[in-house]
Colleague: 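Sharing a structure with you now.
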Amino acid sequence: MNFENEKDFIMRQIHEIIKLLIHLILGKNESQAEPSLAAKYNLSDSKYDQIKAMVDCGEINEAENLLFEKLDRTDQASVAELLFLYEYTSQQSSEFLEQHNYSKEEVLEGLQMLAAKIGFQHMIDLLNES
């Protein structure tokens, strides 16, 4: 697999995992139009702005650690914050991520770790098999 195909494959995996977890956790389908990412994840404007600002400043690892530390797998909002973090981070350029010691592969790994923590690892395994 060449580099471009590998990047595309990782981005497809990220997109599919996010789509699946949004459907399972938030009960939303991709076809449901949302006016913003904050609405898509049912995030308050302040939480949305806080996570987005941390990513924009390159504090991705810090944001991830903070959100995982306070993760309550039974709380939709807590899970949604991490999903938003990973989706927003995956939209950043590879160059930006590299400058801030992060990568698309780490986005995928984080999503897989989140899925395992909330009890959906088997669903991710099924996605990976197809």
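Since this is a predicted model, take the numbers as computed values, not measurements.
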Colleague: Would you say M54 ends up clustered with L67 if hydrophobic residues are merged whenever their side chains have heavy atoms under 4.5 Å apart, either directly or through other cluster members?
Modeller: no
Colleague: State, with a plain yes or no, whether a side-chain heavy atom of E106 is found less than 4.5 Å away from one of I60.
Modeller: no
Colleague: Could you walk me through whether L108 and Y86 satisfy the side chain to side chain contact (heavy atoms under 4.5 Å, CB included) test, starting with their C-alpha distance in whole Å, then the side-chain angles of each, then the deciding distance to 0.1 Å, before giving a yes or no?
Modeller: CA-CA 8 Å; L108 181 58; Y86 290 127; over 6 Å; no
Colleague: Sorted by first residue and then second, give each ring-ring contact (aromatic ring centres under 6.0 Å, His included) pair with at least one member in residues 50-73; sequence neighbours left out.
Modeller: none
Colleague: Hydrophobic clustering (ILVMFWY, side-chain heavy atoms < 4.5 Å, transitive) - are M113 and L97 grouped together?
Modeller: yes
Colleague: Identify whether I118 and L83 are in the same connected component of the hydrophobic contact network (ILVMFWY, side-chain heavy atoms under 4.5 Å).
Modeller: yes
Colleague: Might you work through the side chain to side chain contact (heavy atoms under 4.5 Å, CB included) test for Y88 and D56, ending with a clear yes or no?
Modeller: CA-CA 10 Å; Y88 187 68; D56 291 344; 2.6 Å; yes
Colleague: Enumerate the salt bridge (Lys or Arg N to Asp or Glu O under 4.0 Å) contacts for residues 59-70, please, sequence neighbours excluded, ordered by first and then second residue.
Modeller: K70-E81
Colleague: Give every residue pair that meets the ring-ring contact (aromatic ring centres under 6.0 Å, His included) criterion with at least one member in residues 44-66, sequence neighbours excluded.
Modeller: Y48-F84
Colleague: Determine whether I18 and L43 fall in the same hydrophobic cluster, where Ile, Leu, Val, Met, Phe, Trp and Tyr are linked whenever their side-chain heavy atoms lie under 4.5 Å apart.
Modeller: yes
Colleague: With sequence neighbours left out, write down each residue that passes salt bridge (charged side-chain N to carboxylate O under 4.0 Å, His left out) with K104, or none if nothing qualifies.
Modeller: none
Colleague: Could you pull out all residues at least two apart from D49 that satisfy salt bridge (charged side-chain N to carboxylate O under 4.0 Å, His left out)?
Modeller: none
Colleague: Kindly compute the distance separating CD (E105) from CD (E109), expressed to the nearest 0.5 Å.
Modeller: 7.5 Å
Colleague: Same cluster for L111 and L71 if Ile/Leu/Val/Met/Phe/Trp/Tyr side chains link at under 4.5 Å?
Modeller: yes
Colleague: For I22 and Y41, what are the C-alpha separation, side-chain angles and deciding distance, and is it a side chain to side chain contact (heavy atoms under 4.5 Å, CB included)?
Modeller: CA-CA 8 Å; I22 287 173; Y41 289 100; 3.4 Å; yes
Colleague: Taking only residues at least two apart or on different chains, which pairs with a member in residues 82-91 satisfy salt bridge (Lys or Arg N to Asp or Glu O under 4.0 Å)?
Modeller: K40-E87
